[in-house]
There are 2 protein chains.
Amino acid sequence: MPERAVAGGKENSVEIPVESTRERLLNIAEQRFGEGGYEGTSLRAITVAAAANIAAVNYHFGSKEALLRAAVARAMAPVNTERRRRLDQLEAKGDPAAEQLIRAFIEPGLDLVLRRGERGPVVARFIGRVAFDPSQRIRELYAAESDPVEARYLAALQAALPRSTPEAVAFGYVNMLGLLALHQSQALGLEVGEDPAKLAENLIAFLVAAFDRGLRD
Amino acid sequence: MPERAVAGGKENSVEIPVESTRERLLNIAEQRFGEGGYEGTSLRAITVAAAANIAAVNYHFGSKEALLRAAVARAMAPVNTERRRRLDQLEAKGDPAAEQLIRAFIEPGLDLVLRRGERGPVVARFIGRVAFDPSQRIRELYAAESDPVEARYLAALQAALPRSTPEAVAFGYVNMLGLLALHQSQALGLEVGEDPAKLAENLIAFLVAAFDRGLRD
DNA sequence: GCATAGTTCAAACGGACGTTTGAATGAGAG
DNA sequence: CTCTCATTCAAACGTCCGTTTGAACTATGC
């Protein structure tokens, strides 16, 4: 029988919160879906890597797509929370400038997710890949998790750029989403580089300049 | 037996160049791979839509991946040719400005492929999706078809922006590739809009502005 | 006519897929 | 202890996958 450590052991050992099967499945799913995409990753590959029985997926989540949905929701939650927090804070101080809005949108997507520990890049790549998945059904799954807060940013950007047409702002906004997902997914062989914060600064500067002039009358 | 029109009939009928099985397979493969991705599209779906026997794929191409490779090569060829032609022309006139280089890179990718007839958007989406495929092996397949001419553009951009660091130019270059593929693939629900040429102009203006200032010392 | 090379065909190959089943195992409550 | 309920397990389900086979068809040259 496979040994399994138990949470909250009574011995003098340090309390190590061992991942549940459900958590291991979500962690491995993030990694594998981010590497091979949804269609290119089998449940067997996930369950083997997670040291779980293949039936565990349908027991805990119900289906392969439901596993993906749960992984997307878990990965997006802290990003959305941080974006909401920053937007609330900016709007409380008055009308935020475009750069502040861009920063408040990009940094939770790159910084938050790239910084912390080993799993950061895995989560970032997972999010970026799901956002660009070939299947529209998968992309909608991502959109459903991020739409509400994203819509708030779009509206705030419109207000911050009154001299730009709504079409121009929307165009820049789409490009912002795309470039963020691009750098999250590391799809074009771009190395993360020394400092992820520097990547965020570069991307923000790139977008700010483009928003200022990247529109056509 | 399935009727099949023959090219160059001797009767008084108009000469209709009927697509060969090989061409039909490439056309349908472009469409389906562009919709569902490589892993998400089966050879059976392709051969049924192309009214071909499933063994035709392995007869004409050798394997599923070889079919994809042939489709990528065929789709990229005119884009690469046009890019080379424009770059030759620009360099013959002297040192080209960054905007000219960006335009010469973007327009063959968007204009050329979006304009002509019904198949334009299909080819564009196919190229964009392959460039962003979850599998690195597929992405490398795209890169192998476009690397030579792309490298020339990167070098020319470096020369046109002597005040920018090579890292900054490379960063902008990656973003240019990503945004082009994004709009080609129409992945984020962006409607092509009234005039594809307008999309190209908007994207070029967006990139020019970002290249001018989107760098960090 | 016959021979030949190119192409298409139905059928089958072994294997991998997502999902389901029903029994075995585990910890906690009474 | 016994009962209960959540979880894990090996095994199998039917389906679809990419690929292969060998025969049948087609057109062209002799």
Side-chain angles (χ1 to χ4, degrees), chain A residues 1-11 15 17-29 32-33 35-71 133-135 137-138 141, chain B residues 1-11 15 17-29 32-33 35-71 133-135 137-138 141:
Chain A
M1 73 183 64
E3 298 183 14
R4 171 147 19 256
V6 176
K10 297 175 183 178
E11 305 290 341
E15 176 168 337
V18 172
E19 298 169 333
S20 64
T21 296
R22 193 187 147 90
E23 287 168 334
R24 291 199 315 277
L25 285 173
L26 285 173
N27 290 343
I28 300 291
R32 298 304 176 99
F33 283 148
E35 289 171 354
Y38 178 73
E39 296 283 357
T41 303
S42 72
L43 287 186
R44 280 174 174 83
I46 291 174
T47 51
V48 166
N53 189 278
I54 187 174
V57 170
N58 285 280
Y59 175 77
H60 286 285
F61 301 96
S63 69
K64 183 185 181 184
E65 185 167 323
L67 167 63
L68 174 65
R69 184 162 32 242
D133 193 275
S135 161
R137 209 178 65 255
I138 305 301
L141 216 136
Chain B
M1 73 183 65
E3 298 184 14
R4 174 151 12 260
V6 176
K10 297 174 184 176
E11 305 290 339
E15 178 167 337
V18 172
E19 298 169 333
S20 65
T21 297
R22 193 187 149 90
E23 287 168 332
R24 290 200 316 276
L25 285 173
L26 287 172
N27 291 341
I28 300 291
R32 298 305 176 96
F33 283 148
E35 290 170 356
Y38 178 74
E39 295 283 356
T41 303
S42 71
L43 287 186
R44 282 174 173 82
I46 291 175
T47 51
V48 166
N53 189 277
I54 187 174
V57 170
N58 284 279
Y59 175 76
H60 286 285
F61 301 97
S63 69
K64 181 186 182 183
E65 185 166 324
L67 167 62
L68 175 65
R69 181 161 35 240
D133 192 275
S135 161
R137 210 178 65 255
I138 305 300
L141 216 136

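In what follows, chains carry the letters A, B, and so on, assigned in the order in which the sequence lines appear, proteins first and then strands, with residues in each chain numbered from 1. Here the structure is a predicted model, which is why all the values come from computation and not from measurement.
- Computed from coordinates, the B:Asn53 CG to D:dC25 P distance equals 14 Å when rounded to whole Å.
- Contact between A:Arg24 and A:Ala52 at its shortest, heavy atoms only, is NH2-CB, 4.3 Å.
- Contacts between residues 38-49 of chain A and DNA chain C, defined by a heavy-atom separation below 4.0 Å, involve A:Thr41, A:Ser42, A:Leu43, A:Arg44, listed by number.
- Considering CZ of B:Arg22 and CG of B:Leu67, their distance stands at 9.5 Å, rounded to 0.5 Å.
- Listed by residue number, the members of residues 57-67 of chain B with any heavy atom below 4.0 angstrom from DNA chain C are B:Tyr59, B:His60.
- The shortest distance between the side-chain N/O atoms of A:Thr21 and the OP1/OP2 oxygens of D:dT7 is not below 4.0 Å.
- The distance from atom OH of B:Tyr38 to atom CG of B:Asp133, rounded to the nearest 0.5 Å, is 9.5 Å.
- Atoms CD and CG, on B:Glu19 and B:Leu26 in that order, are 10.0 Å from each other to the nearest 0.5 Å.
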Side chains of residues 41-50 of chain A: which donor-acceptor pairs under 3.5 Å do they make with residues two or more places apart or in other chains?
residue, atom, partner, partner atom, Å
A:Thr41, OG1, A:Arg32, O, 3.1
A:Thr41, OG1, A:Gly37, O, 2.7
A:Ser42, OG, A:Ala45, N, 3.1
A:Thr47, OG1, A:Leu43, O, 2.9
A:Thr47, OG1, A:Arg44, O, 3.2

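- Residue B:Ala56 is out of contact with every strand shown, counting any heavy-atom pair closer than 4.0 Å.
- Residues forming a salt bridge (charged side-chain N to carboxylate O under 4.0 Å, His left out) with A:Glu39 (at least two apart in sequence, or on another chain): none.
- Remark: P of D:dT19 and CD1 of B:Ile54 are 9 Å apart, rounded to the nearest angstrom.
- For the atom pair A:Glu65 CD and A:Leu68 CG, the distance stands at 7.0 Å (nearest 0.5 Å).
- What separates CG of A:Leu68 from P of C:dT19 is a distance of 12 Å, to the nearest Å.
- Taking atom CG on A:Leu25 and atom C1' on D:dC9, their separation rounds to 14 Å, with Å as the unit.
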When the side chains of residues 53-63 of chain B are checked against the rest of the protein, which donor-acceptor pairs come out under 3.5 Å, sequence neighbours left out?
residue, atom, partner, partner atom, Å
B:Asn53, OD1, B:Ala55, N, 2.8
B:Ser63, OG, B:Ala66, N, 3.1

